[in-house]
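To start, the structure itself, in structure tokens.
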Amino acid sequence: MKNKHLKILLSAPRGFCAGVERAIEIVEKSIKKFGAPVYVRHEIVHNKYVVDDLKNKGAIFVEELEEIEDKTRPVIFSAHGVPKKIPEDAKNYNMTYIDATCPLVSKVHREAENLHKAGYHLILIGHQNHPEVIGTMGQLPKGSIDLVQNEDEAKKYKPQNNKKISYVTQTTLSVDDTKDIIQILKDRFPNIKEPMKEDICYATTNRQMAVKNIAKNCDIFL
Ligand code: SF4
């Protein structure tokens with residue numbers, strides 16, 4: 001007789017990364033310290049249950065500082081990071097702000113800034129309109145960083161000037177897709193400068209590895 005038991009394998013690691021846990025904790029601690037409400041610019045994590053729980057505790061989520069009605073209340077920037085202009089705007093509004101940007105995203109920001117200072121034109125491999133991409137592009141003056149989203153764009157990419165080129169990536173990309181995009185850029189621009197250390201973060205990489213390892217033993221992967 002056929003075995004009707006359902007065998008469930010749990011992937012590990014799974015669940016929130018350290019950067020997201022840190023950001024959630026920052027919101028919770030801020031509510032305790034400043035009282036409610038505390039504004040959060042952009043959903044701190046793309047997870048409805050967490051966002052609803054924080055709303056119940058006193059967080060108000062907004063997309064832009066302009067939406068904040070009571071600017072005497074503190075605002076928290078999400079783990080995705082923000083363009084340089086945002087903390088400046090908060091200062092101009094005289095607002096208290098707390099930056100919950102994940103340190104691994106900040107690392108990419110500083111990397112981009114240093115490469116720009118060293119005279120490189122930058123390519124950011126990432127997804128248009130993703131908050132992290134908006135934040136990373138917003139670290140540099142307009143026109144000094146271009147977005148490349150996929151292999152096709154990498155094949156068609158035309159440098160805008162005679163500067164040396166370098167690339168950084170969003171932290172949360174598919175490791176395999178990104179490897180192919182990077183290879184195209186390296187073939188086309190053999191002198192392209194690579195990041196000192198992979199920008200896709202360890203949490204993203206580990207989880208993708210875990211999925212690959214476990215999926216081959218499953219009939220259905222959820
Ligand atoms: S960079 Fe990685 S560790 Fe940091 S918040 Fe994003 S996914 Fe999490």
Side-chain angles (χ1 to χ4, degrees), residues 10-31 38-55 57 59 61-63 75-84 86-87 97-115 122-140 145 147-150 166-179 181-182 194-215 221-222:
L10 283 178
S11 172
R14 62 181 179 276
F16 294 147
C17 61
V20 160
E21 292 210 345
R22 175 179 175 273
I24 295 169
E25 203 182 317
I26 289 175
V27 177
E28 285 173 339
K29 283 190 172 162
S30 299
I31 294 169
V38 161
Y39 287 91
V40 183
R41 187 186 176 277
H42 193 74
E43 289 194 345
I44 200 91
V45 36
H46 298 148
N47 180 302
K48 187 181 179 316
Y49 298 97
V50 174
V51 167
D52 286 349
D53 180 53
L54 292 174
K55 275 184 189 167
K57 288 177 177 158
F61 290 88
V62 293
E63 282 307 309
V75 60
I76 299 163
F77 304 144
S78 79
H80 307 93
V82 289
K84 275 214 158 126
I86 302 300
Y97 67 85
I98 301 123
D99 190 354
T101 302
C102 173
L104 298 178
V105 174
S106 299
K107 183 210 92 171
V108 179
H109 288 181
R110 298 293 75 77
E111 194 174 27
E113 217 171 27
N114 291 339
L115 288 163
L122 263 88
I123 293 173
L124 169 63
I125 302 171
H127 300 304
Q128 195 161 32
N129 296 330
H130 188 284
E132 187 189 321
V133 163
I134 295 170
T136 301
M137 294 192 82
Q139 300 304 306
L140 302 186
I145 180 162
L147 182 65
V148 165
Q149 298 185 77
N150 50 42
S166 176
Y167 74 85
V168 291
T169 82
Q170 195 179 319
T171 59
T172 47
L173 297 177
S174 148
V175 172
D176 292 341
D177 292 353
T178 309
K179 211 183 332 158
I181 297 172
I182 291 170
E194 298 189 71
M196 302 265 274
K197 213 175 156 280
E198 181 80 62
D199 291 328
I200 297 178
C201 75
Y202 72 95
T204 301
T205 310
N206 289 349
R207 280 156 181 72
Q208 287 176 27
M209 285 284 286
V211 168
K212 275 188 183 174
N213 286 338
I214 206 169
F221 193 94
L222 300 173

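Not measured: the values here are computed from a predicted model. One-based numbering, in listed order, for ligands and for the atoms of each.
Under the 4.5 Å side-chain criterion, counting only non-hydrogen atoms from C-beta, V40 is not in contact with L54. Using a 4.5 Å heavy-atom threshold, the side chains of V108 and E111 count as touching.
Taking backbone and side chain together, C17 holds an N, O or S atom under 2.8 Å from atom 8 (Fe) of ligand 1.
Each of E198, K107, E132 was checked for a side-chain contact (heavy atoms from CB on, under 4.5 Å) with T171, and the lone residue meeting it is E132.
Taking a cut-off of under 4.0 Å to the non-hydrogen atoms of T172, the atoms of ligand 1 that pass are 7 (S). In summary, the atoms of ligand 1 found under 4.0 Å from a heavy atom of C102, numbered by their order in the structure, are 1 (S), 3 (S), 4 (Fe), 5 (S). Atoms of ligand 1 lying under 4.0 Å from any heavy atom of T171, numbered from 1 in the order shown and given with element: 1 (S), 6 (Fe). Against a heavy-atom cut-off of under 4.0 Å, C201 is close to the following atoms of ligand 1: 1 (S), 2 (Fe), 3 (S), 7 (S).
Under the 30°/60° scheme for interplanar angles, the aromatic rings of H80 and H42 are found to stand perpendicular.
No hydrogens or angles considered: nothing links the side chains of D176 and S174 as a donor-acceptor pair under 3.5 Å.
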